[in-house]
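Contents: one structure, followed by commentary.
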Amino acid sequence: QVQLVESGGGLVQAGGSLRLSCAASGRTFSSYAMGWFRQAPGKEREFVAAISRSGGGTYYSDSVKGRFTISRDNAENMVYLQMNSLRREDTAVYYCAASSIRGVPTSTLRYNYWGQGTQVTVAS
């Protein structure tokens, strides 16, 4: 069982930056690939970024590639999403998720555990 708690969301001006954090419980954190997803009002939850169990592999959606960076600290059971050059269309609730699948899964169906989400609002 893994419990995930996101933090770091908020209101930011377009072009600004935010860093999201996700704290995971449990002693097997390094056994899970981790991902960030987001869901805007009226839209389906979409993949943002994923990182492999060791942190050696990452994958990004085209919409955030070059602007967002996912990282993890297995010693501290933490995963992060550094978001730069934010745009209005990045406004959404951001979710942290854990997957027992190897590699960098991108589908919501591949993730076993989810956090409650943190709101990110980008104002123009």
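Side chains included, hydrogens not; waters and symmetry mates left out as well; all remaining heavy atoms used.
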Between Met83 and Leu20, does the side chain to side chain contact (heavy atoms under 4.5 Å, CB included) criterion hold? Intermediate values first, please. CA-CA 8 Å; Met83 306 186 295; Leu20 304 184; 3.7 Å; yes
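- Atom OH of Tyr94 is separated from atom CG of Leu18 by 9.0 Å, given to the nearest 0.5 angstrom.
- Distance check: Cys22 SG to Met78 CE gives 7.0 Å after rounding to the nearest 0.5 Å.
- Asn84 and Ser17 make their closest contact through OD1-OG, 2.9 Å (heavy atoms, listed as atom of the first residue, atom of the second, distance).
- The hydrophobic cluster containing Tyr32 does not contain Tyr95, counting ILVMFWY residues as joined when their side-chain heavy atoms lie under 4.5 angstrom apart, directly or transitively.
- The main-chain N or O of Ala92 is never found under 3.5 Å from a side-chain atom of Gln39 such that the two would form a donor-acceptor pair.
- Trp36 is connected to Val12 through a chain of hydrophobic side-chain contacts under 4.5 Å among Ile, Leu, Val, Met, Phe, Trp and Tyr, so both are in one cluster.
- Put simply, CD on Glu76 and OG on Ser21 are 11.5 Å apart, with the number rounded to the nearest 0.5 Å.
- Both Val93 and Trp114 sit in one connected hydrophobic cluster of ILVMFWY residues. Membership requires side-chain heavy atoms under 4.5 Å apart, directly or through other members.
- Contact of the Arg67 side chain with the Tyr60 side chain is not registered, since no non-hydrogen atoms from C-beta on lie closer than 4.5 Å.
- Of the possible polar contacts, none joining the Thr91 side chain to the Thr121 backbone as a donor-acceptor pair under 3.5 Å is found.
- The shortest non-hydrogen separation linking Arg88 to Ala123 is CG-C, 4.5 Å.
- The 12-atom threshold is exceeded at OH of Tyr113, counting heavy atoms of other residues, nucleotides or ligands nearer than 6.0 Å.
- The aromatic rings of Phe47 and Phe37 sit perpendicular, their planes meeting at an angle over 60°, well past the 30° parallel limit.
- For the side chain to side chain contact (heavy atoms under 4.5 Å, CB included) with Ile70, the lone residue among Val104, Val64, Leu81, Val48 that qualifies is Leu81.
- Rounding to the nearest 0.5 Å gives a distance of 4.5 Å between CD of Glu46 and CZ of Arg38.
- Side-chain contact between Arg102 and Arg53: present, with at least one pair of heavy atoms (C-beta onward) separated by less than 4.5 Å.
- Nearest heavy-atom pair, Val79 versus Cys96, reported as atom, atom and distance to 0.1 Å: CG1-SG, 3.6 Å.
- Note that the CD1 atom of Ile101 and the OH atom of Tyr111 stand 9.5 Å from one another [nearest 0.5 Å].
- Salt-bridge check for Asp90 with Arg87: failed, with every basic side-chain N at 4.0 Å or more from each acidic carboxylate O.
- The shortest side-chain heavy-atom distance between Asn77 and Arg72 does not fall under the 4.5 Å cut-off.
- Contact check for Val2 versus Phe29: no side-chain heavy atoms found under the 4.5 Å cut-off.
- Panel note: side chain Arg45, backbone Ala40; no donor-acceptor pair is recorded below 3.5 Å.
- Remark: the backbone N or O of Gly15 is not paired with any side-chain donor or acceptor of Ser85 at under 3.5 angstrom.
- Counting non-hydrogen atoms of neighbouring residues, nucleotides and ligands closer than 6.0 angstrom, the CD atom of Glu89 exceeds 12 such neighbours.
- For the atom pair CG (Asn74) and CE (Met34), the distance works out to 9.5 Å, reported to the nearest 0.5 Å.
- In this structure, Asn112 contributes its side chain and Ser100 its backbone to a donor-acceptor pair below 3.5 Å.
- The number of heavy atoms from other shown groups lying within 6.0 Å of NZ (Lys65) is above 12.
- The closest donor-acceptor contact from the side chain of Ser99 to the backbone of Arg110 lies under 3.5 Å.
- Judged purely by atom type and a 3.5 angstrom limit, Glu6 uses its side chain to pair as donor or acceptor with the backbone of Gly117.
- When the side chains of ILVMFWY residues are joined at heavy-atom separations under 4.5 Å, either directly or via intervening members, Tyr80 and Phe68 end up in two distinct hydrophobic clusters.
- Heavy atoms of other residues, nucleotides or ligands lying less than 6.0 angstrom from CD of Gln119 number more than 12.
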